[in-house]
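In what follows, a structure is listed as C-alpha cells, so that the remarks can point back to it.
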Amino acid sequence: MLKADLRRAALAARRALPEAEVARRSQLLTEQLFRYLPVAEWRWLHVFLPIPHQHEPDTWPLLRRLWQELPTVQVAVPVVQPDGQTLRHFHLTPQTPLATNRWGIPEPVGAAEVQPALLDAVLIPLLAFDEQGQRVGYGKGFYDRFLQQCRPDVLRLGLSPEPPVPRIEDSWPGDVRLHACLTPERVWWFADGS
C-alpha cells in the first residue's frame, strides 16, 4: 500500500475507535514494553505525549508506571518548534507543568532541554507500519529528522494499536526504519532497523 492511502485509512480507523478501546490497547502496549524491552537498563527514554482527539496510544499509563517502578529512568518529550519543521526535547517529571500547543499536544513548560545524543530509546508515534519496519506517520518528517540526530545505537520503537501491513510501497531512503514495533498482541522485531 502507499503511504497516503495508509495514512487516510489509519486515521479513519483510529477516530472510529471508542475511547475505552483506545485505553485498553494503550494498557496492552504498556505491558508489552515492560515485559519484552530492557527498560531498567535505559538512562533516558523519549516518549511522545498523545494527541487525544487523534486517538493515539495513551502513553500516560506507561509514564506513570515508569515513574513508580523505575524512577532512575529519565524521560524526555518532544516540543514542536515555531518553524513547524523541527523538534526540541525536554525533561519530563511528574511535577513538570504542561501546556497544550496549537495541535493539541501537551508540552512541558520551563523544563530542561535534553540533547538527542543522550537518549537510549525512542517511542515513536505512527499511523501504520509494515513487516520490514517501515512506518507511516503524519507526513511531516519530524521523527525522521530527529532520529538522525540520535546515537546510532538508540533503540527505535514504534507504538501501534494495529498489526502491520505487508509492505509500504513508497518508502524512500530518508525514512528511518524501526528496530521494533509494539502492538497489543506482540512485539514485532526487525533485522537491523537500518
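The structure displayed is predicted, hence computed values, not measured ones.
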Keeping [X] on the side-chain end and [Y] on the backbone end, is there a donor-acceptor pair under 3.5 Å?
X	Y	value
R7	L127	no
H89	E113	no
D144	L147	no
T59	L62	no
H179	L155	no
D130	I168	yes

Using the salt bridge (Lys or Arg N to Asp or Glu O under 4.0 Å) criterion, which residues pair with E169? Sequence neighbours excluded.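 Salt bridge (Lys or Arg N to Asp or Glu O under 4.0 Å) check on E169 returns nothing, list empty.
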Below 30° counts as parallel, above 60° as perpendicular, anything between as tilted: where do the rings of H46 and Y143 land?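 Rings of H46 and Y143: perpendicular, as their planes differ by over 60°.
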For R43, does the CZ atom have more than 12 heavy-atom neighbours from other residues, nucleotides or ligands under 6.0 Å away?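 No - once you tally the heavy atoms of other residues, nucleotides and ligands closer than 6.0 Å, there are 12 at most.
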So which atom in T96 and which in T93 form the shortest heavy-atom distance, rounded to 0.1 Å?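 Taking T96 first and T93 second, the nearest heavy atoms are OG1-N, 2.8 Å.
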Does some side-chain heavy atom of L49 sit less than 4.5 Å from a side-chain heavy atom of L98?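 With C-beta onward as the side chain, the pair touches.
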Please determine, by modelled atom types, if Q134 and R167 share a side-chain donor-acceptor pair under 3.5 angstrom.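 Not at all, the side chains of Q134 and R167 share no donor-acceptor pair under 3.5 Å.
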Does a donor on one side chain sit under 3.5 Å from an acceptor on the other, for Q74 and H91?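 Note: Q74 and H91 side chains meet the donor-acceptor criterion.
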Check this for me: does any side-chain nitrogen of one of K3 and D175 sit under 4.0 Å from a carboxylate oxygen of the other?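 Yes, this pair counts.
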Does a side-chain N-to-carboxylate-O contact under 4.0 Å join R25 and E162?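 Looking at E162 together with R25, the answer is yes, because their closest N to O distance falls below 4.0 Å.
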With sequence neighbours left out, what residues match W42 under ring pair (Phe, Tyr, Trp, His ring centres under 6.0 Å)?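 For W42 there are no ring pair (Phe, Tyr, Trp, His ring centres under 6.0 Å) partners, ignoring immediate neighbours.
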